[in-house]
2 protein chains.
Amino acid sequence: MASIKDVAAEAGVSVATVSRVLNDHPSVSAEARARVLAAVESLGYRPNAVARSLRTDQTHTLGLVISDVMNPYFTELARSVEEEARALGYSVIIGNADERPDLQDHHVRNLLDRRIDGLLVSPTDGGSPLMLDAARAGTPMVFVDRWIPGVDVPVVRADGRGAVRDLVAHLHGLGHRRLAIIAGPAATTTGRERVEAFREALGAYGLELPDAYIGQGDFQADSGRRVTEGFLDLPEPPEVVFAADNLMALGALDAVRARGLRVPDDLALAAFDDIRWFVHTDPPVTAIAQPTGELGRAAVRALVDRIEGRPGESVTLPARLVVRRSCGEPPAPSEPSPVTNRSQS
Amino acid sequence: MASIKDVAAEAGVSVATVSRVLNDHPSVSAEARARVLAAVESLGYRPNAVARSLRTDQTHTLGLVISDVMNPYFTELARSVEEEARALGYSVIIGNADERPDLQDHHVRNLLDRRIDGLLVSPTDGGSPLMLDAARAGTPMVFVDRWIPGVDVPVVRADGRGAVRDLVAHLHGLGHRRLAIIAGPAATTTGRERVEAFREALGAYGLELPDAYIGQGDFQADSGRRVTEGFLDLPEPPEVVFAADNLMALGALDAVRARGLRVPDDLALAAFDDIRWFVHTDPPVTAIAQPTGELGRAAVRALVDRIEGRPGESVTLPARLVVRRSCGEPPAPSEPSPVTNRSQS
DNA sequence: AACGTCGATGTAATCGATTCCACGAGGATC
DNA sequence: GATCCTCGTGGAATCGATTACATCGACGTT
């Protein structure tokens, strides 16, 4: 692979001049520039990003550590992050923690060793010493979706409180009174908050959230199945379960189906996180939709602001309820299929 | 951030000794080793991977360029790739081409600039000059899922021919005679092969695949919807559509639903790629399942073999048909729900 | 006692870029 | 005509590691 020296030799100039051409510094003669460019072309030269990074101490790379790539929500987040980063001249290295704190640490360490310019994290747990140290040491960092309280790092996330209230209103309106939740890990902010929001919203209707109706999940499908089975075995099973993420909702669907029961007749279901497939499940699932793409983009902007010396602000965007049929009663004409075109009728 | 010099100073030895300790070379005294380790600990020193890569000309990093992160099939592939790579001591940088050749080139260039040790590609098109050059220049490379004919690069993929034959047998057995396909881009091997396998399998039953029943899709949901609408508008619409990937199947489902029609009564549906959600769609979708995880792992092994100077072989694994209800008739007891437990009856 | 060997260590070159500094030529200024 | 910029350029230091080579003392062999 050709290096800058080869280009310099080919063009009959010094490496300094080649470098100047490549980084378009003003003081290079048109003639030298042309010769360098020709040499670059003929050798198929591409600057070595490793060497450049060593010298400039910038990698133009962002690290993104997400909790679970197999979760469509995070996939979409990752995609929007990469898009926005690319637009701003950065690339992204994704680390998948699979909801495991040890793996999360592995990736954070790896990214730090590679001297990424900044780190975007959706923490799996309450925060490992490693991550806290990195934040304290001044690594530009932004939390997205989930965060760690007490750390001075901007947070970009959705506030689901309003949407959860809407959901509970919807459920109450359908006559449901025994409402249960499949919670996420208590070590995560989203795990705790969604339970709290749910409890609060129930309170507004004079309803309780008994311990037996709080199932401990881990944001993975299997836990959703296990918890749902537990609910169904209760002497007085709930009428509705609210899964704190889409994978646990999938697990709940598995459990209900395995018993030969039906949603929503035997058990109603709602989920946090809306994904495309929820439109086509049997029945379509009522869900709380986050502005995922916007979150990813805002997080990148905040991080790049930090990296480039600007403040970098926290952002909170509202989530919204999308009513479908999994809690009972057809949505009336509340969600007509967007593709239906009745203009010619 | 502490460098090797700081460690050397703190331990009272030269940088060479520090480096020897870190790479556990034999000839270091126990005493020196202890002092270095203590200094490393107290400074929280971590070697700079950028500097190390520059010197050793290895990054211990694999590039993975996939066609579409939002496609669950590729997500699963990416996950297994990362897992196996990690086990072998490599990290992975993922580039998402979004089925766009220009984006694919962007990522390949970026990865090459970063001097990744090897490249895993699932090409979006017939092969850009950039990728062909890289292969010719000796960059360790392996194609996964899709490939480019005429390039001397190992290919790791699934052979769907047998499964497609099984599918056609199943459809024929259900009485379907007018079978259509939503094809992938002709520029991709999987795009072409699936059509060919389908046509061949039909031939075995004396059935034709007329041009009108070949819809041109691009592996994205929207194209599946568009093509399906076209099929439904035909004077003689097909009885079955076979989508060449899961996203186009999702689009087909959208189209059928938008018209107020039902699967499989009005139109039967089958898909290439099996994903978890297909169990819970309305109706559950009959699909061809690839051994995705095994493909990802085999691809990494082949690539690492190449990188480390061993041959690195092509691998072809069989896909298999998973019958559900989207083509008509309940699966009889052919696919009992795996969770159903009738031991106590 | 002289020599060779071996183990532990340090010095310095190197990887491929960027960038500070010095230098020479040419033009403007007085 | 001397002085001073400005512009274009090259030389060399630098980033943080790895590693070939040199050095030196201790020890074993004859």
Side-chain angles (χ1 to χ4, degrees), chain A residues 1-40 43-61 89 109-117 137, chain B residues 1-40 43-61 89 109-117 137:
Chain A
M1 187 129 271
S3 83
I4 196 171
K5 274 189 201 158
D6 304 316
V7 176
E10 172 90 4
V13 298
S14 73
V15 295
T17 299
V18 175
S19 176
R20 279 190 272 259
V21 171
L22 264 31
N23 297 285
D24 44 39
H25 266 269
S27 64
V28 184
S29 68
E31 200 244 358
R33 160 168 288 113
R35 284 222 308 283
V36 168
L37 259 18
V40 164
L43 294 173
Y45 168 76
R46 295 246 79 212
N48 184 328
V50 174
R52 188 195 295 247
S53 291
L54 177 60
R55 183 60 235 251
T56 60
D57 203 33
Q58 319 181 17
T59 49
H60 273 275
T61 303
R109 189 162 6 242
N110 182 18
L111 292 166
L112 256 22
D113 285 354
R114 293 175 124 69
R115 301 299 194 266
I116 44 126
D117 292 341
Chain B
M1 187 129 271
S3 85
I4 196 171
K5 276 189 199 157
D6 304 316
V7 176
E10 172 88 4
V13 297
S14 72
V15 294
T17 300
V18 175
S19 176
R20 280 191 271 258
V21 170
L22 264 31
N23 298 285
D24 44 39
H25 267 268
S27 65
V28 184
S29 69
E31 201 244 357
R33 160 168 288 114
R35 284 223 308 283
V36 167
L37 259 20
V40 164
L43 294 173
Y45 168 76
R46 295 247 81 211
N48 183 327
V50 174
R52 190 195 293 245
S53 291
L54 176 60
R55 183 60 235 251
T56 61
D57 202 33
Q58 321 180 16
T59 49
H60 273 276
T61 303
R109 190 161 6 241
N110 182 17
L111 292 166
L112 256 21
D113 286 354
R114 283 164 187 278
R115 302 302 194 264
I116 44 127
D117 293 340

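Proteins get letters first, then strands, A, B, ... in listed order; numbering begins at 1 in each. Atoms considered below: every heavy atom in the structure, side chains included; atoms not considered: hydrogens, waters and symmetry mates.
- Here A/Val13 lies in heavy-atom contact (under 4.0 Å) with sugar-phosphate atoms only.
- Rounded to the nearest 0.5 angstrom, B/His25 NE2 and B/Thr17 OG1 are separated by 11.5 Å.
- Within the 4.0 Å cut-off from OP1 or OP2 of D/dT9, at least one side-chain nitrogen or oxygen of A/Ser29 is found.
- B/Val18 comes within 4.0 angstrom of no nucleic acid atom, judged by non-hydrogen atoms across all strands.
- Within the model, atoms CG of A/Leu22 and CG of A/Leu37 stand 8.0 Å from one another, a figure rounded to the nearest 0.5 Å.
- Here the P atom of nucleotide C/dG16 and the CG atom of B/Asn48 are 17 Å apart, to the nearest Å.
- Under 3.5 Å, the side chains of A/Asn48 and A/Arg52 contain no donor-acceptor pair of N or O atoms.
- Residue order along DNA chain C, read from the 5' end via each residue's closest nucleotide, puts B/Arg20 first among B/Arg20 and B/Thr56.
- The interatomic distance linking A/His25 (NE2) with D/dG8 (C1') rounds to 13 Å, in whole Å.
- B/Ala32 comes within 4.0 angstrom of the backbone, heavy atoms only, and of no base.
- Nucleic acid contact class of A/Ser27 (heavy atoms, under 4.0 Å, all strands): base.
- Straight-line distance from the CG atom of A/Asp6 to the P atom of C/dC15: 11 Å, rounded to whole Å.
- Sequence order on DNA chain C of the closest nucleotides to A/Arg55 and A/Lys5 puts A/Lys5 first from the 5' end.
- Nearest nucleotide to the B/Ser14 side chain, out of C/dA17, D/dT18, C/dG10: C/dG10.
- Between A/Leu54 atom CG and C/dT19 atom P the separation is 13 Å, expressed in whole Å.
- Among the heavy atoms of the strands lying under 4.0 Å from B/Asn23 are primed sugar atoms or P, OP1, OP2 only; no base atom is included.
- Closest to the side chain of B/Ala16, from the set D/dT9, D/dT19, D/dA17, is D/dT19.
- For B/Asp57, the CG atom counts as loosely surrounded, since its 6.0 Å shell holds 12 or fewer non-hydrogen atoms of other residues, nucleotides or ligands.
- As a whole-Å value, the separation of A/Arg114 CZ from D/dA17 P is 15 Å.
- Remark: the backbone N or O of A/Val21 is not paired with any side-chain donor or acceptor of A/Arg33 at under 3.5 angstrom.
- For C/dT19, the OP1/OP2 oxygens have no side-chain nitrogen or oxygen of A/Ser19 closer than 4.0 Å.
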